[in-house]
Amino acid sequence: MKITALNGFKDILPDEIKQWRIVENIATDILERFNFSEIRLPILEKTDLFARSIGESTDIVEKEMYTFVEKQVTMRPEATASLVRAYIQHGLYVQKPVQKLFTIGPMFRHERPQKGRLRQFTQLSAEVLGSASAKIDAELIGMASYFFKTLNLDVSLELNSLGCPDCRPAFRQKLLAFIEDKYDHLCDDCKRRSTTNPLRVLDCKVESCRKEVADAPSIQESLCDVCADHFTTVQKSLDQLQIPYSLNKFMVRGLDYYVRTTFEFLTSDLGAQAAVCAGGRYDGLIEQLGGPKLPGIGFAMGLERLVLLLQQQQEEQEKTCETDLFVAGFGEGPSSFTFELVHALRLSSLRVAQDVEGKGLKSQMKQADKIGARFVLIIGDDELDSGVGVLRNMQTKEETKVSLTVEAVLEQVNNSTC
Ligand code: ATP
Ligand code: MG
């Protein structure tokens, strides 16, 4: 019997390495420009480290950790706790008042594997320890945003504030009162969460729960003066750096240590696995893990998701460059005409595809889309009679009229390169 890799554990084969290197090289270059130093951390830590930092009632600690029970050790599910542990253990705060550190490596979570969701995955974590300034929040978010821009990835930024131990309890009460009426309509997870960690009800992915909490109170309106000021400065600083964002009152993040600023960068190209980078401020964490009372903020990026996006982007580009034109003739006359036209266009160097099975226009458009044709030339009876076809640019969806001669079609298609 063949032995295969465990479910959710993936080999990265030689032909994928190019994208990994692109991501890692661009990232390290940008991190250094923003004055970050690399730190490398162990994969195995005491279980207690994660239970105390991430929180007992979070998905990660409740059900996703790989723990050796007898030994009380756990394969790290994320890097912030380990990094803060190392920061305290080696007294890094003595060396520099503000430490900017990053680390890249595998994380382990026992989740249901699917596209963009693995049991061993790679995170790039960047953390700034020792500064409470809202400008640092904007700088860090700005760095991530610049990274996505450099990779040419289309992501959107969502922002929220989770308040602090001074103002969050009052919001929690407000939310509990709101949830009370909805309780019977919530999913089982949310029913449980409403007692252990009610804020998590806000980011439940179940559609019916989303509907129930749609008009839940917003934490942004319950912030104390200090948190409200902080949040305003973060937004102003992002505006100053011209980084677009939207506010999302439902984003609460699945880890207990966050306070004030939280953010996520999202893509619409990976289905449910939308978050490519997530982070926030954790001002109480260093002290909670036995260190000095110093603030911190950081983010983690899932590199597999970024590599997937780069691969999709490349496939898209390759696809769109392979076929210049799909000629869609429908009806007997047009089909016969296009058969000849396609041949002539090919002889004039265009890469042209057509349907010779007599399919309808809709099916032909689908085919054109599937092979990634840059243009489709549509010819029905009317077009044939008038000698003017419809040329559709498949990227811009723009339609123009074109004379049904080889020269005219060539000119229009060649005018737009891929
Ligand atoms: P998700 O909502 O997708 O479960 P998360 O909130 O659990 O993400 P974090 O714990 O904040 O994510 O981790 C930061 C980033 O690490 C995520 O935005 C994602 O890009 C990546 N990530 C998290 N879990 C996985 C996983 N199982 N497989 C691949 N990447 C992951
Ligand atoms: Mg998760």
Side-chain angles (χ1 to χ4, degrees), residues 5-12 16 19-20 23 27 50 53-55 57-66 74-83 102-127 140-141 144-145 147-148 151 153 155-160 162 189 193 197 199-200 202-206 209-210 248 250-258 261-282 285 296-312:
L6 291 169
N7 198 10
F9 290 72
K10 195 176 156 288
D11 303 303
I12 300 173
E16 291 172 285
Q19 268 103 2
W20 277 90
V23 170
F50 303 116
S53 56
I54 298 170
S57 68
T58 57
D59 280 355
I60 296 181
V61 174
E62 264 181 359
K63 53 188 184 199
E64 295 173 357
M65 295 207 304
Y66 281 89
T74 293
M75 312 254 283
R76 60 180 185 189
E78 57 110 44
T80 306
S82 309
L83 189 136
F102 78 92
T103 192
I104 303 178
M107 305 296 151
F108 303 84
R109 293 186 200 173
H110 194 269
E111 305 194 71
R112 195 168 68 79
Q114 50 198 296
K115 186 179 176 189
R117 190 174 296 287
L118 295 153
R119 291 179 169 174
Q120 176 182 332
F121 60 99
T122 316
Q123 276 185 347
L124 182 163
S125 311
E127 320 276 347
L140 186 75
I141 294 171
S145 161
F147 173 64
F148 293 124
L151 286 177
L153 294 179
V155 295
S156 59
L157 167 62
E158 293 190 353
L159 198 66
N160 196 14
L162 293 184
D189 270 346
R193 282 177 195 142
N197 200 348
L199 265 71
R200 292 292 317 283
L202 291 175
D203 80 343
C204 180
K205 303 282 184 295
V206 177
C209 292
R210 278 176 183 240
N248 179 0
F250 299 104
M251 190 223 304
V252 299
R253 312 284 306 117
L255 302 94
D256 277 2
Y257 51 60
Y258 286 125
T261 318
T262 51
F263 56 94
E264 281 185 356
F265 285 88
L266 305 164
T267 169
S268 50
D269 299 327
L270 288 179
Q273 278 52 258
V276 290
C277 173
R281 190 161 265 292
Y282 45 80
L285 181 64
I297 179 168
F299 66 65
M301 271 180 199
L303 298 193
E304 279 77 8
R305 292 187 191 176
L306 294 186
V307 168
L308 272 174
L309 286 174
L310 286 183
Q311 283 167 346
Q312 283 181 11

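All of these numbers come straight from a predicted model, not from anything done at the bench. Counting begins at 1 with the first residue of the sequence. All ligand and atom numbering here is 1-based and tracks the order in the structure.
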Please report which non-hydrogen protein atom sits nearest to atom 22 (N) of ligand 1, along with the residue it belongs to and the distance in Å to one decimal place. F121 CE1, 3.5 Å
Are any of the heavy atoms in R253 under 4.0 Å away from ligand 1? yes
Using only atom types and a distance under 3.5 Å, with no angle test, would you say the side chain of R117 pairs donor to acceptor with the backbone of R112? no
Only residue of V61, T58, L285 satisfying side chain to side chain contact (heavy atoms under 4.5 Å, CB included) with D256 is T58
Tell me the protein heavy atom at minimum distance from atom 27 (N) of ligand 1, and give that distance in Å. E111 OE2, 2.7 Å
Counting from 1, what ligand 1 atoms have a heavy atom of L118 closer than 4.0 Å? 26 (C), 27 (N), 28 (N), 29 (C)
Under the salt bridge (charged side-chain N to carboxylate O under 4.0 Å, His left out) rule, collect the residues that match up with K63, sequence neighbours excluded. D59
Within ligand 1, which atoms have a heavy atom of C277 less than 4.0 Å away? 18 (O)
Give a yes or no answer on whether the side chain of R76 reaches the backbone of F108 with a donor-acceptor pair at less than 3.5 Å. no
Pair E304, T122: side-chain N/O donor-acceptor within cut-off below 3.5 Å: yes
So, regarding G302 and ligand 1 (criterion: nitrogen or oxygen to nitrogen or oxygen, under 3.5 Å), is there a contact or not? yes
Any N or O on R305 sitting closer than 3.5 Å to an N or O of ligand 1? yes
Suppose I only count heavy atoms of A275 and a 4.0 Å limit; which atoms of ligand 1 are within that range? 17 (C), 18 (O), 19 (C), 20 (O)
Taking the side chain as C-beta and beyond, is there a heavy-atom pair between L157 and S145 under 4.5 Å? no
For ligand 1, is there an atom lying under 4.0 Å from some heavy atom of Q273? no
Ligand-residue contact atoms, ligand 1 with V276, heavy atoms, under 4.0 Å: 18 (O), 20 (O)
Would you check the N or O atoms of Q123, main chain and side chain alike, for any that come under 3.5 Å of an N or O of ligand 1? yes
Is it true that T80 and E127 share a donor-acceptor pair across their side chains at a distance under 3.5 Å? yes
Note, F263 side chain near L140 side chain (heavy atom, < 4.5 Å): yes
Can you list the ligand 1 atoms lying under 4.0 Å from a non-hydrogen atom of A278? 11 (O)
Per-atom filter on ligand 1: closer than 4.0 angstrom to a heavy atom of R109 are 7 (O), 9 (P), 10 (O), 12 (O), 13 (O), 23 (C), 24 (N)
Near A300 (heavy-atom distance under 4.0 Å), the atoms of ligand 1 are 14 (C), 15 (C)
Within ligand 1, which atoms have a heavy atom of G116 less than 4.0 Å away? 28 (N), 29 (C), 30 (N)
Sub-4.0 Å heavy-atom approach of R117 to ligand 1: yes
Report yes if some heavy atom in the side chain of F147 is under 4.5 Å from a heavy atom in the side chain of L306; otherwise report no. yes
Salt bridge (Lys or Arg N to Asp or Glu O under 4.0 Å) pairs, two or more places apart, involving residues 264-282: D137-R281, R253-E264, R281-D283
